[in-house]
Every structure is written in C-alpha cells, then in structure tokens.
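Atoms considered below: every heavy atom in the structure, side chains included; atoms not considered: hydrogens, waters and symmetry mates. Fair warning: this is a prediction, and the values are worked out from it, not measured in the lab.
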Amino acid sequence: MNLQKISITAFSSISPLGNTAEEVWKKYLGNQHCFTKQILDQQETSVAALSVESGQMVAEVRESDIKYKFLDSSVLFALTASRKAVEKAGWNKEAIFGINIGSSRGATDLFEKHYKEYLDTGKAQTLASPTTTLGNISSWIAHDLQSAGPEISHSITCSTALHALLNGVAWLRSGMADKFLVGGSEAPLTDFTIAQMRALKIYSRIDQNEEAWPNLAFDFEKTQNTMILGEGAAVCCLEAGEKENAIAYVTGVGYATEILEHNISISAEADCFQKSMKMALQHTSPEEIDVIVMHAPGTIKGDLTELRAIEKVFGSGIPLLTTNKWKIGHTFGASGILSLELALLMMQHNTFINVPFAKVQKQTKPLKKIMINAVGFGGNAVSILIEKA
C-alpha cells in the first residue's frame, strides 16, 4: 500500500497523565505510576483514574449543555479532548471534517446503572437506549462541534482507536474527505468491567502498597498477569497531504487478524502483529525505525508474544522498545491513541522514555520514525508508522 503522507495537525488527550501536552510529558519524564485504589467489584482495586482537575474539566463539559447531563463518561471524555484538538488545529465552524471516535466497552457505567434500575423496578429509563448505544460518541461530538462531515463509531476491542486512525487515513486518501478527527475513549472503571477482567484471570493481584510496580507491562519474565485498567480519551486531527502546521506525518499503516483458537487467543509469535508491522513497513526499511511503542498490556502472554513478533520482523536490528501501560494501565479502546501520544511527545522532545524496572536502553540517534502497535481480543492488530514533520 503506497501511502500518501497524512498530516497530524493537532492532538489532545485527557487521561491519568493529565490534560495538556506539558503535563503529560512531565509525567512521562518521572518514574511514578498513576495507580490509585478504588472499591470496585466489591474489593479494593488498583486503577488509573483521571485527576481531580481533569475530572473537573469533564464536569464542566457536562454542565455546558443540558442534554449532556445524561451522557456516559466515555462520551464526555471524548468531547473534552475533541474540543481542544479542533481548536489547536484551527478548524473553524466552516471546516468540513469527518469524525471517527471509537470505544471498546462504550457507555458501560451508564448501561450497568440502567440495567440495575430495571432489575430493581421492572422499568427502563426513557433515555436508557439512546445514551448507551455505541454510536453515542461520534454523534455527540458532531453535535458539539457542529460538524458537517461523516460520523462513525466502532468497537474493535483494544485496537479501536488505531482502527479509527486507519479509517481516517483511508477516507483522506480516497479523496472523500480532506480532514478527519480520529481517536478513542474509554471509561471502564466499573464493577462489572473489573469483574470480567478478574474472571479472565488477567487483572493484577499485586498490592501497590507493598510493591513498587503493580503493573509489570514490559517485564517479559513475570510469572503472573498484571493488567490494570485506566480511563481516558485522546483524539488527533488528520489532514490529507503535507501541511505546514503538521506535528508529524502518518507514513505507514498495517493491519491483520489471525485465526482464533478461542475468544481471547493470540499465537505464540503474534502472527497478526508480524503481518501488521510488515505491512506498515512496506515502503520503509526496518533499520529506519527508531522506536516501537508496544501494546504490552501487562499479561504474560500478551507482552511476550508481541516481543517475539518484533524479533521475527526486525531480527538483530530491534529498535528501542517501550510501553506506557506500566504507568497508566490499559485503557482498552483508547490505548492505541494514548500510545501515539507517547510517540509524538518522544519525537517532539527527541527523548526516549524507558520503562523504569526494565534494562535501560540508550538512545544513540535522533527519533525520526516511530511505530505504534495495538491488538485486541480476537487477534486484530494494527501498526502505525509516524515520521517527524
């Protein structure tokens, strides 16, 4: 696939790292994780939640329109990030742009509350259906920004946000749009969501009061699964061609799905990742890649199979490797775009971010080309290649 360069002209996020690029980068420069404890699934649970200040920003968005009072946090997170991104990109009211913001779980908190009320009373709330449908996010953003382009929502598990980016690139390259707002949002810190992860036996059991690192994403010798959930949203503005205000270019995309043995399986050498990385590298030599931001969710198999796939594709010339899930946990559908944020910031500051409990990798050259990986249940992998503007 011969990719026309796509410009990333703005990026905005709200996550446990903060809500401005400066705040997020400062957190990345520190070696502290963002985990706190909440009572979820009837027990003390490590999670990565938004800060009080970020929570206040979301509350202000909720208060800005009477119709937003009944929306799920996943929608409000995305609204908060989208407003800032569009402003940064300079897209005014006349700008015509598409929107593709996805979520893995969608309005899960609201759904749980509505379903509990139905079980308790035998009646469903009037707005139960429209506020929990998966199309919720992009349609409300379109309403909020008064946009006139296509609006798309989807759920492709944990690779959702990077699939949104893929879709935006496809629309731009087809000529059917010249601007696209893409990203992902997730608000999974709910009783039932945590219970589901515990049922899969992948949630961290490490006590963060006793151990320095409750999530051991990127530790390839760990003997237990250590995934922790986080919440947040991030979006970026894409424009066709090379723009003067580009902060980076998307120069390669790859995607693949592998044959499943069971619902959450992935092969020993992550065949899907091998295929997606090779596709993203079709017009770039592997030696040119400076960093890979791994998906690495903090599970034994998830981390190791991705590493094996990288070894297969890159051989002895493996780039610098990193991940952010040891710090902010797994944000499901938003995780890929938050990994893109780390890549953009490393590139902007020309500084590689190591994982503090892993062997230190030394940066020996400027960071010009970075690959970002994401994969979800079902073995659907996405690899994105970005290049310094």
Say whether, by atom type as modelled, one donor and one acceptor occur between the side chain of Asp72 and the main chain of Val75 under 3.5 angstrom. no
Gap separating the CD atom of Glu341 from the CD atom of Gln348, nearest 0.5 angstrom: 10.5 Å
CE-OG1 distance between Met371 and Thr251, expressed to the nearest 0.5 angstrom: 9.0 Å
Do Ile247 and Ile372 belong to the same hydrophobic cluster, where Ile, Leu, Val, Met, Phe, Trp and Tyr are linked whenever their side-chain heavy atoms lie under 4.5 Å apart, directly or via other members? yes
Please check if atom CD1 in Ile66 has more than 12 non-hydrogen atoms from other residues, nucleotides or ligands closer than 6.0 Å. no
Considering residues, nucleotides and ligands other than Ile96, do more than 12 of their heavy atoms fall under 6.0 Å from its CD1? no
Rounded distance (nearest 0.5 Å) linking atom CD of Gln32 with atom NZ of Lys327: 6.0 Å
Check whether Ser204 reaches the backbone of Pro214 with its side chain - one donor and one acceptor, N or O, closer than 3.5 Å. yes
Rounded to the nearest 0.5 angstrom, the CD-CG distance for Gln38 and Leu229 is 11.0 Å
Measure across Ile228 and Ala48 and return the closest heavy-atom pair with its distance rounded to 0.1 Å. CG2-N, 4.5 Å
Leu321 backbone acceptor or donor facing Gln361 side chain under 3.5 Å: yes
Beyond-backbone contact of Arg83 with Val61, side-chain heavy atoms, under 4.5 angstrom: yes
Can you check whether Leu40's main-chain N or O pairs, donor with acceptor, with Thr45's side chain at less than 3.5 Å? yes
Are Val382 and Phe11 co-members of a hydrophobic cluster defined by side-chain heavy atoms under 4.5 Å apart? yes
So among His114, Glu117, Lys113, which one has a side-chain hydrogen bond (donor to acceptor under 3.5 Å, both in side chains) with Gln125? Glu117
Please say whether more than 12 non-hydrogen atoms of neighbouring residues, nucleotides or ligands are located less than 6.0 Å from CZ in Phe314. yes
Pairing donors with acceptors under 3.5 angstrom, does anything connect the side chains of Ser103 and Glu186? yes
Hey, does the side chain of Thr160 reach the backbone of Gly333 with a donor-acceptor pair shorter than 3.5 angstrom? no
Answer yes or no: does atom CZ of Phe357 have more than 12 heavy-atom neighbours from other residues, nucleotides or ligands under 6.0 Å? yes
For Glu60 and Ser64, test the side chains for any donor-to-acceptor distance below 3.5 angstrom and give the result as yes or no. no
Pair Lys179-Thr9, side-chain contact (heavy atoms from CB on, under 4.5 Å): steps then yes or no: CA-CA 10 Å; Lys179 295 181 179 71; Thr9 54; over 6 Å; no
With Asn350, which of Gln363, Lys368, Lys388 fulfils side-chain hydrogen bond (donor to acceptor under 3.5 Å, both in side chains)? Gln363
Whether the side chain of Ser159 engages the backbone of Ala381 through a donor-acceptor N/O pair (distance < 3.5 Å, no angle test) should be reported. no
With no hydrogens and no angle check, do the side chains of Tyr203 and Asp41 hold a donor and an acceptor under 3.5 Å apart? no
Checking the side chain of Asp303 only, and the main-chain atoms of Phe218 only, is there a donor and an acceptor separated by less than 3.5 Å? yes
Please work out which of the three classes, parallel, tilted or perpendicular, describes the rings of Tyr115 and Tyr118, given edges at 30° and 60°. parallel
Check whether any side-chain heavy atom of Glu23 lies under 4.5 Å from a side-chain heavy atom of Leu17, and answer yes or no. no
Using every non-hydrogen atom in the two residues, find where Gly376 and Thr157 come nearest and quote the distance to one decimal. CA-OG1, 3.1 Å
Check Leu165 against Cys236 and note the closest heavy-atom contact, atom names and distance. CD1-SG, 4.3 Å
Would you mind reporting whether Ile8 and Leu238 have side-chain heavy atoms less than 4.5 Å apart? yes
Considering residues at least two apart in sequence or located in another chain, which fulfil the side-chain contact (heavy atoms from CB on, under 4.5 Å) criterion with Ser51? Glu53, Ser54
Taking the six-membered ring for Trp, are Phe273 and His295 parallel (under 30°), tilted (30 to 60°) or perpendicular (over 60°)? tilted
Over 12 foreign heavy atoms within 6.0 Å of NZ, Lys84: yes
Spatial distance of atom CD1 (Ile14) from atom OG1 (Thr80) [nearest 0.5 Å]: 5.0 Å
I need the minimum non-hydrogen distance between Thr305 and Ala270, along with the two atoms involved. O-CB, 3.5 Å
His349 and Trp25 aromatic ring geometry - parallel, tilted or perpendicular at 30°/60° bounds: parallel
Leu345 side chain near Thr351 side chain, heavy-atom distance below 4.5 Å: no
Taking the side chain from Ser155 and the backbone from Ser104, do they hold a donor-acceptor pair closer than 3.5 Å? yes
To the nearest 0.5 Å, what is the distance between NE2 on His33 and CH2 on Trp326? 8.5 Å
Please test Thr190 against Arg105 for side-chain hydrogen bond (donor to acceptor under 3.5 Å, both in side chains), starting from the C-alpha separation and ending with a verdict. CA-CA 11 Å; Thr190 72; Arg105 317 296 298 189; over 6 Å; no
Is it true that, when you exclude Glu211 itself, more than 12 heavy atoms of the residues, nucleotides or ligands shown sit nearer than 6.0 Å to its CD? no
Tell me whether Lys365 at atom NZ has more than 12 heavy atoms from other residues, nucleotides or ligands lying less than 6.0 Å away. yes
When you check the side-chain N and O atoms of Asp65 and His143, is any donor under 3.5 Å from an acceptor? yes
Trp171/Phe180 aromatic ring centres below 6.0 Å: yes
Is the backbone of Gly298 close enough, under 3.5 Å, to the side chain of Asn215 for a donor and an acceptor to pair up by distance? no
Under the criterion side-chain contact (heavy atoms from CB on, under 4.5 Å), I'd like the reasoning laid out for Thr322 against Met346: C-alpha separation, chi angles, the key distance, then a yes or no. CA-CA 11 Å; Thr322 192; Met346 286 193 295; 4.0 Å; yes
In short, Cys34 meets Ile328 closest at the heavy-atom pair SG-CG2, 4.1 Å
Donor-acceptor check, side chain of Asn380 to backbone of Thr257, threshold 3.5 angstrom: yes or no? no
Side chains of Ser383 and Asn373: any donor to acceptor distance under 3.5 Å? yes
Does CZ belonging to Phe220 count more than 12 external heavy atoms closer than 6.0 Å? yes
Atom of Pro297, atom of His330 and distance for their closest heavy-atom approach: CB-CD2, 3.9 Å
If we check side chain to side chain contact (heavy atoms under 4.5 Å, CB included) with Leu110, which of these qualifies: Thr132, Asn136, Leu127? Thr132
Dump the intermediate steps for salt bridge (Lys or Arg N to Asp or Glu O under 4.0 Å) on Lys37 and Asp207, then the final yes or no. CA-CA 10 Å; Lys37 287 194 170 184; Asp207 189 337; 3.0 Å; yes
Report the C-alpha separation of Val253 and Ile6 in whole Å, then their side-chain angles, then the decisive distance to 0.1 Å, and conclude whether the side-chain contact (heavy atoms from CB on, under 4.5 Å) test is met. CA-CA 11 Å; Val253 297; Ile6 301 296; over 6 Å; no
What's the verdict on side-chain contact (heavy atoms from CB on, under 4.5 Å) for Trp91 and Leu181, showing C-alpha distance, side-chain angles and the deciding distance? CA-CA 10 Å; Trp91 294 359; Leu181 180 69; 4.2 Å; yes
